[in-house]
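Since the structure comes first, as structure tokens, the remarks are kept for the end.
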Amino acid sequence: MEHRFIVVSEQESHFAQLNEALQSIGVAVWLHWNTDVLSQLVGSLGTNIVFVEFSDQNSQKAAELTSSLLAVYPRLWIVGFAPRAENALIIEAMRSGARDFVELQAPREAIRRSVQHVLEQSPTRPAKSTGEMITLLGARPGVGTTTAAVHLALLLKQEVMPSEPVLLLDFGYPSGDAALYLDTKVGFNFCDAVRSLRRFDHALLNTAFAHHKSGLAILSLPQNLADLRDISPADAMTLLSLFKSYFKVVVVDLGGFAGVDLLMYALGISERILMVSEQTLPSVFSARQLLHNLREREFETERIGLLTGKYDARIDMAPLQIAQNLQIPWVDNLPQRTDKMIACANQGKSLSEVAPKDPYLEVLRGLLGNYRHPAASPAAGVPHPASLFRRLLTPLLK
Ligand SMILES: Nc1ncnc2c1ncn2[C@@H]1O[C@H](COP(=O)(O)OP(=O)(O)O)[C@@H](O)[C@H]1O
Ligand SMILES: [Mg+2]
């Protein structure tokens, strides 16, 4: 099971250091001090360990936080941390109830080992269902990223896991396209959700979030993108992580999304990342640029799979060549379906409604394990959707 950690610190760089060390073990969420969302998050994330920073200036505050968290969750394991482990800080942390102490300047491997050690000893909590995040990037606007994200999310909700909550995060640019393609009005947007972080629960999700008639939840960016500047980046990141505990799958359309920090965070917590590129030079050029920027930020771009958009076998640029050029693995080709797509757009319907057997959908079904819900296609011996889904995602899991 993937572990979830909460890191309490004022310093984003300290969170980043710890997060890097923890990456192979689980997902870490960064929170500021004294936030009232903390104890709520401990419960809803099914957190194993909370890391609390102890520094000379704040050790008393840190000790109080530790004691108050332990008063609510006596079985929680709190680990103190500091850039340098000074004896006074360690003693303060242990006195307040922390079980261990990590020094940030220690080698990452040492941090990882001590966290593993804590995990081995910590009481097992009831397993929480862990959601998956599938993120789609686009080489440039117009290549078909939103269309792919919308249909991937729809197929998941309608065919793979009808009784599970699935969320489509409509973060692409031009903004609001996913909601438009699904003919769904989104009144409550991502900034509203971030501002509601402290009272986030199933009730809010059911009442405030927009839902397509299939039951798929949709959350878009605000119409005025400048509103994004008013929300706390840490809260936005926390919310993204929180979505993974509320939804079985979160599909994120990040085609053209410009907020670099949030984009990097979303990629970091995604189980699967696909990039859509057309078979044209400008598209491949833009894709290269995007991948270059990600590599500069030390993102492992080999985790990104190539989906050829609007694929046409007559075009003299083979998808495998494109993948080779971009140095990312090729995943599949989304066939060019211009007439069908125009028909969908003009009727305000999805391709699943207009042409459920369309080859475009068959490719996406293939990505999701070509699984049909037993009700739709009663095949014997079909594995459980969740396990099949997980298995199919495994090759690209971190
Ligand atoms: N496979 C396809 N074949 C033909 N047209 C497509 C295909 N995928 C998307 N389109 C069309 O291309 C246009 C841009 O698609 P969209 O998904 O909005 O791209 P993006 O999100 O990358 O900007 C839309 O008019 C859409 O209907
Ligand atoms: Mg788009």
Side-chain angles (χ1 to χ4, degrees), residues 134-155 167-184 186 189-190 212 216 218-223 225 228 250-259 262-263 266 273-291 304-315 317 319 322 326 330-368:
I134 308 176
T135 294
L136 282 102
L137 295 168
R140 51 163 55 202
V143 296
T145 313
T146 302
T147 307
V150 160
H151 289 96
L152 208 52
L154 263 185
L155 291 178
L167 172 68
L168 175 61
L169 280 180
D170 177 16
F171 281 10
Y173 189 84
S175 47
D177 272 1
L180 189 71
Y181 292 178
L182 286 171
D183 199 20
T184 302
V186 178
N189 65 49
F190 181 67
H212 177 248
L216 173 69
I218 309 171
L219 194 62
S220 301
L221 290 179
Q223 260 170 1
L225 290 180
L228 275 172
V250 182
V251 177
V252 195
D253 171 11
L254 278 179
F257 182 74
L262 199 57
L263 180 131
I273 309 168
L274 298 164
M275 181 160 76
V276 184
S277 173
E278 286 177 0
Q279 298 158 283
T280 65
L281 271 183
S283 174
V284 175
F285 181 80
S286 305
R288 272 181 81 110
Q289 200 73 20
L290 176 61
L291 291 166
I304 303 176
L306 172 70
L307 258 186
T308 320
K310 306 185 186 179
Y311 172 72
D312 185 337
R314 292 169 304 178
I315 301 175
M317 191 190 280
I322 300 177
L326 298 177
W330 169 81
V331 172
D332 217 323
N333 305 322
L334 292 168
Q336 179 148 41
R337 305 294 294 156
T338 311
D339 297 353
K340 281 276 161 46
M341 293 299 180
I342 292 174
C344 289
N346 291 345
Q347 294 174 47
K349 286 185 175 164
S350 69
L351 192 58
S352 340
E353 278 177 279
V354 173
K357 296 238 155 55
D358 195 274
Y360 180 95
L361 296 177
E362 295 299 338
V363 169
L364 293 181
R365 284 191 183 101
L367 291 182
L368 299 175

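Order of appearance sets the numbers: ligands from 1, and atoms from 1 within every ligand. Model, not experiment: these values are computed from the prediction.
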For the 3.5 Å polar cut-off, considering only N or O atoms, please tell me whether [X] and ligand 1 meet it.
{"X": "Y173", "result": "no"}
{"X": "P335", "result": "yes"}
{"X": "K310", "result": "yes"}
{"X": "V143", "result": "yes"}
{"X": "Y360", "result": "no"}
{"X": "G144", "result": "yes"}
{"X": "R337", "result": "yes"}

For atom 25 (O) of ligand 1, is some protein heavy-atom partner under 4.0 Å away?
no

Closest heavy-atom pair and its distance - [X], [Y]:
{"X": "F257", "Y": "L263", "answer": "O-CD1, 3.8 Å"}
{"X": "V276", "Y": "G309", "answer": "CG1-CA, 3.8 Å"}
{"X": "V143", "Y": "E278", "answer": "CA-OE2, 3.5 Å"}
{"X": "L182", "Y": "T184", "answer": "O-OG1, 3.0 Å"}
{"X": "Y311", "Y": "P319", "answer": "CE1-CG, 3.5 Å"}
{"X": "M317", "Y": "L281", "answer": "CE-N, 3.8 Å"}

Would you say [X] contacts ligand 1, with heavy atoms under 4.0 Å as the rule?
{"X": "Y181", "answer": "yes"}
{"X": "A345", "answer": "no"}
{"X": "G142", "answer": "yes"}

Please check this pair: side chain of S283 against backbone of Q279, looking for a donor-acceptor N/O pair closer than 3.5 Å.
no

Determine whether a donor-acceptor pair (N or O, by modelled atom type, separation under 3.5 Å) exists between the side chain of H151 and the backbone of L364.
no

Mind checking whether the Mg ion (ligand 2) has an N, O or S of T147 under 2.8 Å?
no

Pick one: which of L334, L137, N333 meets side-chain contact (heavy atoms from CB on, under 4.5 Å) with L307?
L334

Atom 5 (N) of ligand 1: closest protein heavy atom, distance to 0.1 Å, is M341 CG, 3.6 Å

Among all protein heavy atoms in this structure, tell me which lies nearest to atom 21 (O) of ligand 1, with the distance rounded to 0.1 Å.
T146 OG1, 2.7 Å

Output the list of atoms in ligand 1 that are nearer than 4.0 Å to some heavy atom of [X], sorted by atom number.
{"X": "T338", "result": "3 (N), 4 (C)"}
{"X": "P141", "result": "23 (O)"}
{"X": "T147", "result": "9 (C), 15 (O), 16 (P), 17 (O), 26 (C)"}

Positive for side chain to side chain donor-acceptor pair (under 3.5 Å) with S220, one of N189, D170, D253
D170

Value for CG (L290) from CZ (R140), rounded to nearest 0.5 Å, stands at 11.5 Å

